[in-house]
Amino acid sequence: MNVLVAGGAGYIGSHTVKRLKEAGHKPVIYDNLSRGHREVIEILDVPAVIADLNDRTALSEALTDNRIDTVMHFAAYAYVGESVDKPLMYYQNNVATTLNVLECMEEAGVERFVFSSTCAIYGDPDKVPITEDQKKAPVSPYGRSKLVVEWILQDYLAAHPKFKCAALRYFNASGCALDGTIGEDHDPETHLIPVVLQSILGLKPEITVFGTDYPTKDGTNVRDYIHVEDLADAHILAMEKMTEGHPIFCNLGTGNGFSVKEIILAAEKVTGKKAPVKYGPRRAGDAIALFANPTLAKTLLGWEAKHKDPETIIQSAWNWFSKHQRGYAVSP
Ligand SMILES: NC(=O)c1ccc[n+]([C@@H]2O[C@H](COP(=O)([O-])OP(=O)(O)OC[C@H]3O[C@@H](n4cnc5c(N)ncnc54)[C@H](O)[C@@H]3O)[C@@H](O)[C@H]2O)c1
């Protein structure tokens, strides 16, 4: 299929472009490079349109010129803390741009859409593992911006029964391409695994663990770390399997929860080095434990995570981070 990958120069989008290409599809990246990397487009060697999703002329041309069948929409801002400080910027970039995408798709007759949603729509859940029917109570503008898009999709589906769509609620995307070609380069980096590896490499002075008195196995927060290539494969399956009248709204996680301390220990084992750890108080807004019940994804997509053990995920990240200490800026 011809797939427009909005946000394809970012972390999860670029790994999905790689897998799409390997699976014989024809991805076209659409990215304004606000938080993505020109270097990854060169490495992936695929066509790209460098433009903002607010540029409706560029977007419409990208859809028609490339005879696009499916849009995968990864483009968004995704920092919880930043969303609290700049809510309008988040609703503009995560919600308003999605309206542009859907309107331009309608004009161009493109009827297949895969959307990056998030476990943040559940907020601090009453029970784990989380099933899709649980209460949606996001606690940040970021989480709410994603839930608003899910509501828009539900309303659009009701009015346009031919529309085929999937909203995939990722847990903690992590790891890098297993062949070492592409990786993760966020600025600032806030995700646990990269932060631990960067502190082990001496690029950050230390890693702060926020809260050691949570009601979890060792007092630290528990999360579900899902390898980025597993996420990419789920997108391809969703694109291939979604049909008229059967939208897919589902969790993408391994189903296993690992604590912050367990991830730090696993990183020390993989790297053979000690991480400089500092313990601090709880951080406002952090859920105690978030991990998926992944059954629905298995039923609807025939998908389950291949990489369930954090050491494999961390090893793939270590392969990349240890060779790209300044991210794509100094890539070979
Ligand atoms: N990283 C995670 O753990 C995680 C978890 C759940 C959901 N998500 C969602 O997955 C998606 C991808 O996350 P990521 O970590 O790859 O983020 P990222 O910042 O690496 O990638 C986002 C890309 O979108 C581009 N972009 C942003 N706004 C744009 C606009 N208006 N026009 C064109 N391009 C634009 C950026 O330049 C960037 O390349 C996001 O929607 C995020 O909310 C991520």
Side-chain angles (χ1 to χ4, degrees), residues 4-18 28-41 44 48-56 58-59 62 71-80 82-83 86 89-101 104 114-122 130 138 140-150 166-177 182-195 223-232 234-235 250-254 290 292 313 317 327-328:
L4 193 76
V5 184
Y11 170 47
I12 307 170
S14 61
H15 285 81
T16 306
V17 168
K18 179 174 185 290
V28 176
I29 291 175
Y30 189 103
D31 201 296
N32 65 3
L33 298 181
S34 59
R35 295 187 176 182
H37 303 277
R38 195 176 289 279
E39 293 83 349
V40 81
I41 301 175
L44 291 168
V49 178
I50 307 304
D52 196 282
L53 289 173
N54 283 312
D55 182 345
R56 293 176 63 127
L59 185 52
V71 174
M72 289 193 182
H73 181 25
F74 297 89
Y77 293 149
Y79 292 116
V80 169
E82 185 182 57
S83 80
K86 299 178 179 171
M89 186 174 105
Y90 269 68
Y91 286 111
Q92 166 58 40
N93 203 51
N94 295 2
V95 179
T97 54
T98 306
L99 292 175
N100 278 344
V101 175
C104 290
V114 183
F115 174 66
S116 296
S117 188
T118 167
C119 65
I121 65 168
Y122 298 108
I130 302 172
S140 68
Y142 167 66
R144 283 191 275 274
S145 73
K146 293 289 182 173
L147 184 56
V148 169
V149 173
E150 287 206 10
L168 305 176
R169 300 169 183 162
Y170 325 151
F171 283 65
N172 286 43
S174 47
C176 297
I182 59 171
E184 179 169 15
D185 185 0
H186 289 117
D187 183 19
E189 186 57 75
T190 57
H191 298 118
L192 179 63
I193 292 173
V195 168
R223 297 288 181 268
D224 185 335
Y225 296 88
I226 172 83
H227 194 268
V228 67
E229 290 193 343
D230 279 329
L231 284 182
H235 283 73
C250 73
N251 291 337
L252 294 181
T254 62
L290 294 171
I313 296 176
Y328 282 111

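Numbering of ligands and ligand atoms starts at 1, following listing order.
Scanning I226, N100, D55, L53 for the heavy atom closest to atom 32 (N) of ligand 1 points to L53. One option in Y11, Y142, Y79, F74 has a heavy atom closer to atom 9 (C) of ligand 1 than any other, and that option is Y142. Across the listed options V5, I12, N54, D185, I12 owns the non-hydrogen atom lying nearest to atom 1 (N) of ligand 1. Among G36, G13, A96, A76, the residue whose heavy atom lies nearest to atom 27 (C) of ligand 1 is A76.
Applying the side-chain hydrogen bond (donor to acceptor under 3.5 Å, both in side chains) test between T254 and each of D230, N172, D224 identifies D224 as the sole match.
Within ligand 1, the atoms closer than 4.0 Å to a non-hydrogen atom of A9 are 39 (O), numbered from 1 in the order shown. Atom numbering of ligand 1 starts at 1 in the shown order; those under 4.0 Å from a heavy atom of T118 are 6 (C), 7 (C). Per-residue contacts place A51 under 4.0 angstrom from the following atoms of ligand 1 (heavy atoms of the residue considered): 33 (C). Applying the 4.0 Å criterion to heavy atoms of S116 picks out, from ligand 1, the atoms 9 (C), 10 (O), 11 (C), 41 (O). Near A78, with a cut-off below 4.0 Å to any heavy atom, the atoms of ligand 1 are 42 (C), 43 (O).
In this structure, D55 and Y30 have side chains that are in contact, with non-hydrogen atoms separated by less than 4.5 Å.
The protein atom (non-hydrogen) at minimum distance from atom 19 (O) of ligand 1 is R35 CB, 3.8 Å. Looking from atom 30 (C) of ligand 1 to the surrounding protein, the closest heavy atom is N32 ND2, 3.2 Å. Atom 14 (P) of ligand 1 has as its closest protein heavy atom H186 NE2, 3.9 Å. The protein heavy atom nearest to atom 3 (O) of ligand 1 is A173 N, 3.1 Å. Nearest protein heavy-atom neighbour of atom 10 (O) of ligand 1: Y170 CE1, 3.3 Å. Nearest protein heavy-atom neighbour of atom 5 (C) of ligand 1: F171 O, 3.5 Å. Closest to atom 39 (O) of ligand 1, if we only count protein heavy atoms, is D31 OD2, 2.6 Å. Ranking protein heavy atoms by distance to atom 21 (O) of ligand 1, first place goes to G10 CA, 3.4 Å.
A distance of 7.0 Å separates CZ in F115 from CD in E150, rounded to the nearest 0.5 Å.
Ligand 1 has no atom lying under 4.0 Å from any heavy atom of E184.
Only the backbone of S117 comes within contact range of ligand 1, with a heavy atom under 4.0 Å; no side-chain atom does. If you look at H73 next to ligand 1, there are no close heavy atoms at all, none under 4.0 Å. At a heavy-atom cutoff of 4.0 Å, ligand 1 is contacted by the backbone of L33 but not by its side chain. Contacts with ligand 1 closer than 4.0 Å are made by no heavy atom of H37, backbone or side chain.
Residues Y225 and H191 have side chains that never bring a donor and an acceptor to within less than 3.5 angstrom of each other. Residues Y77 and S83 have side chains that never bring a donor and an acceptor to within less than 3.5 angstrom of each other. Between the side chains of S34 and N32, at least one donor N or O lies within less than 3.5 Å of an accepting N or O. Inspection of the E82 and Y142 side chains reveals no N or O donor paired with an N or O acceptor under 3.5 Å.
Polar contact with ligand 1: present for N93 (N/O pair, distance under 3.5 Å). Here's the thing with K146: one of its N/O atoms is less than 3.5 angstrom from an N/O atom of ligand 1.
Between Y170 and H235, the angle of the ring planes goes over 60°, which puts this pair in the perpendicular group of the 30/60° scheme. Using the six-membered ring where Trp is involved, H186 and Y11 have ring planes that are perpendicular, over 60° apart on the 30 and 60° scheme.
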